[in-house]
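Read through the structure below, which is laid out as structure tokens, and then see the notes.
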Amino acid sequence: MIPYSRQWISDADIESVVKTLKSDFLAQGPVVPEFESAIAKAVDAKFVTMTNSATSALHVACLALGVGPGDRVWTSPMSFVASANCAKYCGAEVDFVDIDVDTGNMSVTCLQAKLAECEKSGELPKVIIPVHFAGQSCDMKAIAEVCEPYGIRIIEDASHALGGAYQGSPVGSCEYSDITVFSFHPVKMITSAEGGCLVTNDEPLDSQIKLLMNHGITKKNEEFISTHSEPWYYEQQLLGFNFRMTEIQAALGLSQLSKLQEWVSVRNDLISDYKIATADLPITWLQLINNIQCSYHLAVIKVDPEIRLDLFNYLRQNDVGVQVHYIPIYRQPYYNLDAGHWPAAESFYEQIISLPLYPRLTKGEQASVVQLLEGFFK
Ligand SMILES: *Cc1c(COP(=O)(O)O)cnc(C)c1O
């Protein structure tokens, strides 16, 4: 089976993990902060906090921005459920902004219209969570401009987009957002097995994030609420969680990070090759907006909805592990909302299939995927 995505673990990665296993610290040692600094440098941001998943990171991001019962959070329906669940964990209501069918990203036009409408009914969101679908940044400048008059805070779900750039700045530089979240799940750009992180340039927000993901405990004198001089003193200031990443995970992630730029460029080359090889077939590739470096986490194609299921089955029967990213979140029984509110997401969902795309995909494997596509359409 050629999967839609898979990790690539090198001998150097294995050595890095083994070295950590033999060290004094499996948790709360020096490697997590080292990985945090390396990500901060890579995405050109001030503060990074590692977590045990992007799901935890999104949860903490919402809490740190004060999301709670009675609040509303809006995200994209064309995402993994975690982009919406994070608001539910905080007791908030979730709603979805329709997408642009050419990119799969949140539509700025729809966002603007929905904000104008909800301002009248007094149902504005506290936070919006744009998702960088398949690795292409949303139009963050436009989104920030639309949100600014309402004082809405922004969390970028960049789980797909580590190594990408928007208008010349790395995704994660938080130029147009409060917090950016990345995932290090094995199918994503680099992996720490499970893992994720939060990135911000706002120091008080960073302190709040670090409290929330570590039981609400601080050991920093300058942050203490009460006066204490005992050398063992630490203080729990709020009800937080244990969302910490282990040293073993960080050792893997840090080692993987050295490959990121190379892998982004391999993924871009593979997409170019796919586009050239399928130019005569009735399939459409996602469009890129101006001034984007796409990390290409996914190779999403659009086909006629009438043949999508047959093509999907044909590829699966021939050992190609295609997927559909994603079932719109509002369609999940837990959310169970009326799909009629999001016509673009519905139309997009009927057409999409994700083809295999990962740095270790060989030319031969790619050629056999293309051959199957040709065979199917003949
Ligand atoms: C993978 C993913 C997540 C969740 O990441 P985990 O690290 O598995 O928790 C959240 N949002 C999006 C868009 C994702 O693709």
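Quick note: numbers below take in every heavy atom, side chains included, and nothing from hydrogens, waters or symmetry partners. Counting starts at 1 for both ligands and their atoms, following the listed order. Please read all numbers here as calculations on a predicted model, not as lab measurements.
- Here CG of Leu58 is found 5.0 Å from CG of Asp157. Values are rounded to the nearest 0.5 Å.
- Proximity to Ala82 (heavy-atom distance under 4.0 Å) selects the following atoms of ligand 1: 10 (C).
- Residue pairs meeting the side chain to side chain donor-acceptor pair (under 3.5 Å) criterion with at least one partner in residues 280-306, sequence neighbours excluded, are Thr278-Trp285.
- Side-chain contact between Asn105 and Ser76: absent, with no pair of heavy atoms (C-beta onward) separated by less than 4.5 Å.
- For ligand 1 and Ser53, the ligand atoms under 4.0 Å from any heavy atom of the residue are 7 (O), 9 (O).
- In the vicinity of Tyr326, heavy-atom distances shorter than 4.0 Å reach the ligand 1 atoms 15 (O).
- Salt bridge status for Glu145 with Lys141: present, with a side-chain N to carboxylate O gap under 4.0 Å.
- The shell of residues lying under 4.0 angstrom from ligand 1, judged by heavy atoms, excludes Gly196.
- Taking the charged nitrogens against the carboxylate oxygens, Asp202 and Lys46 have no contact shorter than 4.0 Å, which rules out a salt bridge.
- By the 4.0 Å N-to-carboxylate-O rule, Asp98 lies too far from Lys114 to be salt-bridged with it.
- Given atom 10 (C) of ligand 1, the protein heavy atom at minimum distance is Ser159 OG, 3.4 Å.
- Contact analysis puts Lys188 in contact with ligand 1, with a non-hydrogen atom separation below 4.0 angstrom.
- Per-residue contacts place Ala54 under 4.0 angstrom from the following atoms of ligand 1 (heavy atoms of the residue considered): 4 (C), 5 (O), 6 (P), 7 (O), 9 (O).
- Atom CZ of residue Phe96 and atom OG1 of residue Thr75 lie 7.0 Å apart, to the nearest 0.5 angstrom.
- Atom 15 (O) of ligand 1 has as its closest protein heavy atom His160 NE2, 2.8 Å.
- Each of the following atoms of ligand 1 lies closer than 4.0 Å to a heavy atom of Gly195: 7 (O).
- Under a cut-off of 6.0 angstrom, the local environment of OH in Tyr233 is crowded, with over 12 non-hydrogen atoms contributed by other residues, nucleotides or ligands.
- Distance from atom 9 (O) of ligand 1 to its nearest protein heavy atom, with residue and atom name: Thr55 OG1, 2.5 Å.
- The protein atom (non-hydrogen) at minimum distance from atom 11 (N) of ligand 1 is Asp157 OD2, 2.7 Å.
- Taking every heavy atom of Val131 and a limit of under 4.0 angstrom, the matching atoms of ligand 1 come to 13 (C).
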**OP:** Any chance you could lay out the side chain to side chain contact (heavy atoms under 4.5 Å, CB included) test for His325 and Ile353, step after step, and finish with the verdict?
**Re:** CA-CA 7 Å; His325 296 97; Ile353 293 182; over 6 Å; no

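- Residue Phe182 places every heavy atom at 4.0 Å or more from ligand 1.
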**OP:** Would you sort out whether Tyr166 and Glu175 count as a side chain to side chain contact (heavy atoms under 4.5 Å, CB included), showing the intermediate values?
**Re:** CA-CA 10 Å; Tyr166 169 75; Glu175 204 171 326; over 6 Å; no

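- Near Ser183, with a cut-off below 4.0 Å to any heavy atom, the atoms of ligand 1 are 5 (O), 6 (P), 7 (O).
- Within ligand 1, the atoms closer than 4.0 Å to a non-hydrogen atom of Ser79 are 13 (C), numbered from 1 in the order shown.
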